[in-house]
Amino acid sequence: VPFKEFAQTLEKIEDLSGKKKIDELGQFFTKVLDFSPEDLTACVYMSVNQLGPSYEEDLRIKGDLGTVAQQSRQNQKTLIQPKPLTIPIVFNKLVKIAKINGKEATTTKISEIKGLLSSCQGIEARFLVRMLAGKMRIGLGEQSVLSALGHALTLAKLAETNKKVSGDKLDAMKDTNVKRVKTAYCECPNYDLLSTRKRKNATDDNGVKVGVFLFDLLYFNGKPLVREPLRKRRELLRSNFKKIDGSFYFATSVDTMDTDEINSFFDEAIQNKCEGLMIKTLDTEATYEISRRSKSWLKMKKDYVDGIGDTLDLVVMGAYVGNGKRTGVYGGYLLGCYNPSTEEYESVCKIGTGFSDEDLAEQFKILQEKKIEKAPMYYQFDPTLKPDDIFAPHLVFEIKCADITISPRHKAASGLTEDGKGISLRFPRFLRIRDDKNADDATSSEQVLEMYRSQEIFANQKIEADDGEEDDDDVVGEDEEKDEEEEDLNKTNASEGSSKENPVEKKKSPVKQSPAKKDAEKSKSPLKSTPVEKKKTVASIFSSTKKSVKKEESPIKKKKKNEFSSDSDSEDSEDDAFAKKAQPKKKRSRVAIDSDSE
DNA sequence: GATGCCTGCCC
DNA sequence: ATTCTGC
DNA sequence: GCAGAATGGGCAGGCATC
């Protein structure tokens with residue numbers, strides 16, 4: 001397959017929109033299947049800009065690569081002058097470059113890349129460079145590549161059997177195959193992910209206790225359990241594995257249909273320094289299939305509710321030029337808090353999300369007039385954070401975060417901590433510009449430290465929960481049956497948990513809260529977005545004070561934390577309830593909640 | 001050998 | 001991770 | 001609602017550089 005053909009396909013895809021992108025790639029794959037099916041693997045990998053799974057360990061793939069490598073080598077001999085590149089040549093070369101390591105690795109890689117580039121013609125170079133940069137940005141990613149593959153396989157199959165189908169019937173067949181491809185993709189272990197991560201000194205004696213918390217079983221004795229409901233998967237997990245104190249546990253969970261119970265379990269989780277809960281249906285839509293997963297797994301964290309959570313007002317010290325769709329505006333900013341005693345601005349975090357396109361355009365305009373040549377003495381930040389543009393202290397952003405942590409790079413409150421370490425934010429996002437604040441009205445270093453400390457305290461004490469109120473909404477499931485309650489408790493520790501799991505796939509599926517975020521913040525109408533149908537939900541939650549639910553996909557661990565909200569003043573209201581839901585399907589069911597914790 | 005920058009990965 | 005946006 | 005594409009802190013490992 002000529003590389004040029006591939007590059008041209010990418011170019012077309014870039015300009016098309018919606019499903020047409022998939023159709024275009026599907027046609028390309030169909031052609032590949034027709035003329036050089038042996039190149040399909042490489043084409044698929046290149047479409048997702050990956051070199052494939054850990055080829056060293058995957059014999060099947062390795063075999064393919066061997067063939068590819070051979071072909072490529074043969075071609076190269078006769079390739080005295082620029083000869084048209086082919087998919088195998090390029091793919092093989094990329095793999096080769098990826099494997100180069102050791103001394104002089106960079107130099108060698110560069111020279112190999114130069115060689116590849118000099119063989120490019122026309123648009124080939126453009127896409128080759130993007131591939132090398134890791135950003136294809138053609139608006140088509142993994143999911144679409146899988147769809148295209150499904151389409152191509154459908155057509156190939158039909159051609160093979162000489163059948164002719166079209167219209168709705170054909171579409172239906174495609175859908176079926178797309179689903180098969182995606183399912184296979186989900187069920188097929190990725191050796192790269194499963195392989196043990198390299199750790200030079202993975203000892204356990206560095207004072208940090210590490211434990212594994214199991215919460216699901218996707219394969220057992222060679223059989224995929226992905227299609228089994230969570231209740232069964234969990235039962236197999238619990239009956240076939242044994243807990244080992246100090247290192248191997250089952251995630252703490254509670255089975256319930258009662259939101260109050262969920263809330264109190266959530267409080268307990270927070271107390272134990274967990275980030276929150278993963279709420280899943282036990283029986284209904286409780287399998288691990290991709291298309292439904294998003295509807296039956298919800299993540300519940302304290303910072304998802306508008307008006308609640310840590311909020312800070314920080315000064316924009318500098319900015320970084322934007323890439324891709326942010327070309328021409330800033331892609332992110334360096335923010336700092338103000339230390340009145342030293343009259344310095346200390347970096348707290350960079351920020352790059354939460355902005356609408358309009359926000360970015362407006363900010364770029366505002367900041368042009370605040371640009372200054374170099375960072376003033378009163379700007380404290382690590383050299384590695386040096387912004388492309390630096391501004392006089394002026395603009396103030398209201399930022400929300402999930403946590404406040406000690407940082408190895410940021411300077412906030414570094415003069416106030418015992419060890420001199422600074423403070424930073426975890427998962428910072430932009431909420432809005434604080435027009436009503438001057439730079440020196442920003443959150444102070446002391447306040448930042450205070451927020452950090454109160455988190456610690458909070459996490460270590462018992463929270464009285466409670467609430468009161470209820471809201472209406474209900475949750476619950478109706479159908480599905482029985483309830484039992486069960487729970488295990490283990491609490492323990494804390495260390496960071498880690499986990500990694502879910503080797504099966506990585507996808508993301510957010511349920512975002514409604515887009516009402518900023519508005520809600522301003523208008524405080526937390527419920528507004530929620531009403532969504534509460535019909536069939538998987539689970540709906542709300543609480544009286546904090547908590548909301550978001551959806552997510554892979555559960556995992558968490559880290560610390562707790563709640564609290566302070567802010568330099570913004571109005572946080574706390575109100576109410578919240579409910580989120582997942583999607584309408586019809587039946588409700590009982591849910592199981594795992595504490596995502598470490 | 002120590003230090004710094006970059007990459008890949010986890011959230 | 002979080003968030004926004006086009007489809 | 002999905003999929004894609006912007007972007008965060010932090011860690012560990014690997015390579016470059018002093």
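Reminder, nothing fancy here: chain letters follow the sequence lines and each chain counts from 1.
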To the nearest 0.5 Å, tell me how far [X] [atom1] sits from [Y] [atom2].
X	Y	atom1	atom2	result
Phe266(A)	Cys274(A)	CZ	SG	10.0 Å
Leu10(A)	Leu140(A)	CG	CG	8.5 Å
Ile22(A)	Phe29(A)	CD1	CZ	11.0 Å
Ile100(A)	Thr106(A)	CD1	OG1	10.0 Å

Whole angstroms only, please: what is the [atom1]-[atom2] distance between [X] and [N]?
X	N	atom1	atom2	value
Ile138(A)	dG6(C)	CD1	P	19 Å
Ile423(A)	dG10(D)	CD1	P	11 Å
Ile406(A)	dC11(D)	CD1	C1'	16 Å
Phe355(A)	dT3(C)	CZ	P	12 Å
Leu298(A)	dG1(D)	CG	P	11 Å
Leu334(A)	dG9(D)	CG	C1'	13 Å
Lys109(A)	dC5(B)	NZ	C1'	15 Å
Glu142(A)	dA3(D)	CD	P	10 Å

Counting heavy atoms from C-beta on, name the nucleotide in [options] closest to the side chain of [X].
X	options	answer
Ala105(A)	dG8(D), dA16(D), dC5(B)	dA16(D)
Ser424(A)	dC4(C), dG9(D), dC15(D)	dG9(D)
Gln143(A)	dG4(D), dT5(C), dG10(D)	dG4(D)
Arg409(A)	dT2(C), dG10(D), dT5(C)	dG10(D)
Thr106(A)	dT2(C), dA3(D), dC15(D)	dC15(D)
Cys349(A)	dG10(D), dG9(D), dG4(D)	dG9(D)
Ser356(A)	dT5(C), dG9(D), dC11(D)	dT5(C)
Arg429(A)	dT3(C), dA1(C), dG4(D)	dT3(C)
Lys299(A)	dT2(C), dA3(D), dG9(D)	dT2(C)
Arg137(A)	dG9(D), dG4(D), dA6(D)	dA6(D)

ask   = Under 3.5 Å, side chain of Thr183(A) to main-chain N/O of Lys179(A), donor-acceptor pair present?
value = yes
request  = Give a yes or no answer on whether the side chain of Glu346(A) reaches the backbone of Ala413(A) with a donor-acceptor pair at less than 3.5 Å.
outcome  = yes
Whole-angstrom distance between dT3(C) and dC6(B), as gauged at atom P = 29 Å
side-chain N/O Ser144(A) vs dG4(D) OP1/OP2, d < 4.0 Å = yes
query = According to a strict under-4.0 Å criterion, is Tyr304(A) in side-chain N/O contact with OP1 or OP2 of dT2(C)?
reply = yes
message = Using the rule given for salt bridge (Lys or Arg N to Asp or Glu O under 4.0 Å), can you reason through Asp303(A) versus Arg429(A), listing the C-alpha separation, both sets of side-chain angles and the distance that settles it, and then say yes or no?
response = CA-CA 11 Å; Asp303(A) 57 305; Arg429(A) 53 264 204 189; 2.6 Å; yes
ask   = In residues 315-327 of chain A, which ones come under 4.0 Å of DNA chain C, going by heavy atoms?
value = none
task = Could you identify which residues of residues 12-29 of chain A place a heavy atom less than 4.0 Å from some atom of DNA chain C, listed by residue number, or say none?
result = Ser17(A), Gly18(A)
message = Students often mix this up, so state it plainly: with edges at 30° and 60°, are the rings of Phe6(A) and Phe28(A) parallel, tilted or perpendicular?
response = tilted
note = For Glu104(A), the side chain to side chain donor-acceptor pair (under 3.5 Å) test, sequence neighbours excluded, returns none
query = With a 3.5 Å cut-off and just heavy-atom distances, do the side chain of Thr353(A) and the base of dT2(C) make a donor-acceptor pair?
reply = yes
May I have the list of side-chain donor-acceptor pairs in residues 316-330 of chain A shorter than 3.5 Å, sequence neighbours left out?
residue: Tyr320(A); atom: OH; partner: Leu385(A); partner atom: O; Å: 2.5
residue: Arg326(A); atom: NH1; partner: Gly331(A); partner atom: O; Å: 2.9
residue: Arg326(A); atom: NH1; partner: Gly352(A); partner atom: O; Å: 2.9
residue: Arg326(A); atom: NH2; partner: Gly352(A); partner atom: O; Å: 3.4
residue: Thr327(A); atom: OG1; partner: Gly324(A); partner atom: N; Å: 3.4
residue: Thr327(A); atom: OG1; partner: Gly324(A); partner atom: O; Å: 2.6
residue: Tyr330(A); atom: OH; partner: Gln368(A); partner atom: NE2; Å: 3.1
residue: Tyr330(A); atom: OH; partner: Asp389(A); partner atom: OD2; Å: 2.5

key: Salt-bridge criterion met for Arg434(A) and Asp313(A) (N-O under 4.0 Å)   = yes
request  = Determine, for Arg180(A) against Asp175(A), whether the closest basic-nitrogen to carboxylate-oxygen distance falls under 4.0 angstrom.
outcome  = no
Scan nucleotides 1-3 of chain B against the protein and return all N/O pairs shorter than 3.5 Å with their distances rounded to 0.1 Å.
none

request  = Determine which pairs satisfy side chain to side chain donor-acceptor pair (under 3.5 Å) with at least one residue from residues 127-137 of chain A, sequence neighbours left out, and list them in order.
outcome  = Glu14(A)-Arg130(A)
